[in-house]
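Okay, so here's the structure we're looking at.
Atom set for the values below is all heavy atoms of this structure, side chains included, hydrogens, waters and symmetry mates excluded. Below, read A as the first sequence line, B as the second, and so on, with proteins coming before strands; counting in each chain starts at 1.
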Number of protein chains: 2
Amino acid sequence: MNNSIVSNLNFEPDLLKEIDEVGELKNYKDGDVIMDYGKYLKIIPIVTKGTIKILKMDENGRELLLYYLSSNDTCSMAYSCCMEAKKSEIRAVAEGDVELITIPNTKLDSWHSKYPSWRNYIMRSFNERFLELLKSIESIAFHKLDDRLVSYLKEKHRLLGSNVIKVSHYQIADEMATSRVVISRLLKQLENDGKILLYRNEIKLLTSFI
Amino acid sequence: MNNSIVSNLNFEPDLLKEIDEVGELKNYKDGDVIMDYGKYLKIIPIVTKGTIKILKMDENGRELLLYYLSSNDTCSMAYSCCMEAKKSEIRAVAEGDVELITIPNTKLDSWHSKYPSWRNYIMRSFNERFLELLKSIESIAFHKLDDRLVSYLKEKHRLLGSNVIKVSHYQIADEMATSRVVISRLLKQLENDGKILLYRNEIKLLTSFI
DNA sequence: TATTGTAGGTAACAAATGTTACTCATTTCT
DNA sequence: AGAAATGAGTAACATTTGTTACCTACAATA
């Protein structure tokens with residue numbers, strides 16, 4: 001297996017060998033649902049390529065983007081699901097092409113006591129996810145929609161490395177748990193302010209925006 | 001040290017002995033700030049008595065109640081602060097009398113590899129805190145203030161075990177990151193609906209509420 | 001007792017967000 | 001080509017939440 005990516009996590013050689021033995025490489029395409037609400041999980045994923053978005057849904061079907069996972073990340077939710085055999089509270093969707101290595105949950109406990117690097121990796125992941133959620137809460141609780149929209153666009157820009165973001169107003173509204181009309185209104189405002197340009201399925205960030 | 005409370009966490013006898021040796025018992029009174037924004041932490045706490053509320057503040061000083069810690073809980077934020085020497089992003093305040101045991105961070109890594117029960121405890125704690133944050137996000141993102149206020153009162157009722165909640169409108173507004181006038185308005189609405197009775201510094205939940 | 005501070009009630013208004021309804025343009029499908 | 005689906009613009013309006021301002025009641029205390 002090609003774990004050249006995983007290898008820069010500073011895992012012990014023995015651990016890398018074990019990952020090579022039991023890990024499975026999986027591929028997903030844009031929009032594929034990698035994990036879903038209510039599902040039981042028997043593996044934990046380590047992302048090697050691409051980006052995964054993590055969503056939470058309410059009773060009425062509205063969704064909210066919590067955070068992204070990208071290379072070398074793993075999902076804490078997955079970890080705790082595995083350890084406690086609980087249902088997932090979140091949905092994971094591939095954003096573009098995604099490659100990941102799945103680790104069967106039978107290995108987790110023994111790796112945890114055997115490999116300090118693994119322990120560190122999991123702990124750091126928990127911590128990072130925790131902080132992402134805090135950021136998310138801060139954003140929702142303390143900032144108005146226009147600010148949140150700007151953050152959203154900047155995050156996309158950071159992830160894609162491009163000034164052109166291919167996304168529909170509907171999608172944004174979905175991920176921010178609001179309605180399309182509201183997003184269109186705010187985007188139009190940004191366009192009028194000379195920060196962005198709007199096209200069908202596409203938003204161009206101008207230099208004054210970034 | 002009296003660790004009769006901690007003993008029902010199913011820790012190994014050896015671990016209990018170590019906790020007895022290095023843990024320190026601390027006491028706090030209502031309103032005491034146990035942990036604060038930006039502080040570095042060198043211990044992690046295990047709550048043995050009382051309730052601690054965990055708050056997050058934004059740049060403008062508005063606060064938001066994230067969740068409560070009570071007996072046998074520990075704080076994941078503390079854990080990750082200790083492991084990565086990071087500043088705290090949250091504030092912890094005693095709600096009533098609080099007793100807790102502090103564990104010096106020098107012990108964490110070795111306990112983590114030596115004691116499966118400790119590992120479990122920390123993992124379960126991370127998971128619980130993670131779910132609390134998710135609940136918090138769900139509440140803010142998907143529910144209106146009146147619903148959130150009802151949840152707030154029900155949570156207080158659950159924690160206190162009493163129908164009489166001693167709290168001012170100001171306090172509630174603070175913890176829900178909104179203003180006093182708004183809370184007064186919504187409480188009055190609940191009173192008009194026959195769900196609660198309002199007094200100075202006191203809210204009485206009627207049977208139709210619970 | 002007079003004074004001061006705190007808790008709470010309430011009206012009037014402002015701002016932010018959500019909803020409905022209709023339009024047009026572009027793409028996709030048949 | 002024609003029909004249907006999708007993406008987006010926009011107005012008008014409703015609701016929710018935030019803000020300001022002022023009032024009353026109660027409690028603490030000098």
So do the side chains of Leu134(A) and Leu66(B) get within less than 4.5 Å of each other, counting heavy atoms only? yes
Can you tell me the distance, in whole Å, between the CD1 atom of Ile140(B) and the P atom of dA16(C)? 20 Å
Whole Å only: how far is the CZ atom of Arg185(A) from the P atom of dA16(C)? 11 Å
Before accepting this row, confirm whether a basic side-chain N of the pair Glu95(A)/Lys156(A) lies closer than 4.0 Å to the acidic partner's carboxylate O. yes
Contact class for Leu198(B) vs. all strands (heavy atom < 4.0 Å): base, sugar-phosphate, or nothing? sugar-phosphate
Could you tell me the separation between the CD1 atom of Ile172(B) and the C1' atom of dA7(C), rounded to a whole number of Å? 12 Å
Is there a donor in the side chain of Glu175(B) and an acceptor in the side chain of Tyr152(B), or the other way round, less than 3.5 Å apart? yes
Under 3.5 Å, which protein N or O atoms sit close to an N or O of nucleotides 20-27 of chain D? Give each pair with its distance.
none

Expressed in angstrom and rounded to an integer, what is the separation of Ile183(B) atom CD1 from dT6(C) atom C1'? 18 Å
Between Asp174(B) and Arg62(B), does any NZ, NE, NH1 or NH2 come within less than 4.0 Å of an OD or OE carboxylate oxygen? no
Proximity of Phe11(B) and Tyr121(B) rings by center, below 6.0 Å: yes
Does OP1 or OP2 of dG18(D) have a side-chain N or O of Thr178(B) closer than 4.0 Å? yes
Here the distance between atom C1' of dT6(C) and atom CD of Glu202(B), to the nearest Å, is 16 Å
Answer yes when Asp73(B) and Arg129(B) have at least one side-chain N-carboxylate O distance shorter than 4.0 Å, and no when they do not. yes
Check whether any side-chain nitrogen or oxygen of His169(A) sits under 4.0 Å from OP1 or OP2 of dT6(D), and answer yes or no. no
Examine the side chains of Thr48(B) and Glu99(B) and answer whether a donor and an acceptor come within less than 3.5 Å of each other. yes
Just how far, in rounded Å, is C1' of dT10(D) from CG of Leu187(A)? 14 Å
Starting at CG of Leu145(B) and ending at C1' of dT15(D), how long is that distance when rounded to a whole Å? 13 Å
Picking from dG18(D), dA7(C), dT16(D), the nucleotide nearest the side-chain atoms of Lys144(B) would be dT16(D)
Nearest-Å distance for atom pair CG/C1', residues Leu190(B) and dG9(C): 16 Å
Would you please name every residue forming a side chain to side chain contact (heavy atoms under 4.5 Å, CB included) with Tyr199(A), sequence neighbours left out? Leu197(A), Glu202(A), Lys204(A)
Angle of first-five versus last-five pair axes in the helix from dT1(C)-dA30(D) to dT30(C)-dA1(D), to 10 degrees: 30°
Closest listed nucleotide, where the reference is the side chain of Ser184(A) and the choices are dG18(D), dA8(D), dT19(C): dA8(D)
Salt-bridge criterion met for Glu63(A) and Lys56(A) (N-O under 4.0 Å): no
